[in-house]
Structure formats: C-alpha cells, structure tokens
Amino acid sequence: QLRRQYLGRAYQCAECSFGPVDHFACGDLASHNGERIGNARINNACPRCHWFSPDLEDWPDWDGTAPETAFDSLSGDSVACTEASV
C-alpha cells in the first residue's frame with residue numbers, strides 16, 4: 001500500500017536511504033523548514049538520521065523500500081507522524 005501511494009512522487013534520504021519522504025508542496029525545502037503552522041513546526045529533514053538538504057534535487061527518488069517500522073504501524077499500532085512529511 002505504501003508503494004502504491006508514494007512510488008513516483010516520494011523521495012528518500014541521501015544519507016541513510018530512509019523513505020518514503022513526501023516533499024510535496026515546494027522544491028525549496030529551506031524556505032519553509034522551521035516554519036510554524038498552528039502548533040506544528042515544519043521539519044524537512046530526514047526523520048531517521050536528520051540529514052537535510054534545501055535542494056529537492058539532492059533527495060533521491062524513493063526506491064520503494066520501506067523500513068520495518070512502517071509495517072509495524074500498518075498492523076494496528078499507533079502511527080507516528082512527523083512534520084518531515086508536511
């Protein structure tokens with residue numbers, strides 16, 4: 001289900017290969033990084049290793065590999081949301 005939802009439009013971390021990371025609204029990741037929206041703060045860094053590049057071209061296309069923790073959340077456990085996907 002993750003592949004169907006994100007493949008072709010998601011990215012992965014260039015440092016640790018974590019993905020999918022959904023940078024969907026703007027190619028200039030620095031322009032909104034740290035911005036507050038209500039009670040949330042946008043964080044465009046990798047949620048696993050915290051690597052960050054402001055240039056979307058530095059983020060490789062997601063290869064369809066998902067971390068084991070992604071499947072844990074699909075089995076009914078609580079889903080952890082990060083601002084990195086905002």
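The basis for the numbers below is simple: all heavy atoms, side chains too, and nothing from hydrogens, waters or symmetry mates. Note that the coordinates shown come from a computational prediction; the quantities given were computed from them, not determined experimentally. Residue numbers start at 1 and run along the sequence shown.
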A.B. asks: Do Pro20 and Tyr11 have side chains that approach each other closer than 4.5 Å (heavy atoms only, starting at C-beta)?
C.D. replies: no
A.B. asks: Under the 3.5 angstrom rule, does the side chain of Asn33 hit a backbone N or O of Asn44 as a donor-acceptor pair?
C.D. replies: yes
A.B. asks: Tell me which donor-acceptor pairs under 3.5 Å the side chains of residues 46-56 have, and how far apart each pair is, sequence neighbours excluded?
C.D. replies:
| from | atom 1 | to | atom 2 | distance (Å) |
| --- | --- | --- | --- | --- |
| Ser53 | OG | Asp55 | N | 3.3 |
| Ser53 | OG | Asp58 | OD2 | 2.5 |
| Asp55 | OD1 | Glu57 | N | 3.1 |

A.B. asks: Taking C-beta and beyond as the side chain, do Gln12 and Asp61 meet within less than 4.5 Å on heavy atoms?
C.D. replies: no
A.B. asks: Report the residues that fulfil side-chain hydrogen bond (donor to acceptor under 3.5 Å, both in side chains) with Glu35, sequence neighbours left out, ordered by chain and then residue number.
C.D. replies: His32
A.B. asks: Please identify each residue that fulfils side-chain hydrogen bond (donor to acceptor under 3.5 Å, both in side chains) with Ser17, with sequence neighbours left out.
C.D. replies: none
A.B. asks: What I'd like to find out is whether the side chain of Leu29 reaches to under 4.5 Å of the side chain of Trp59, using heavy atoms alone.
C.D. replies: yes
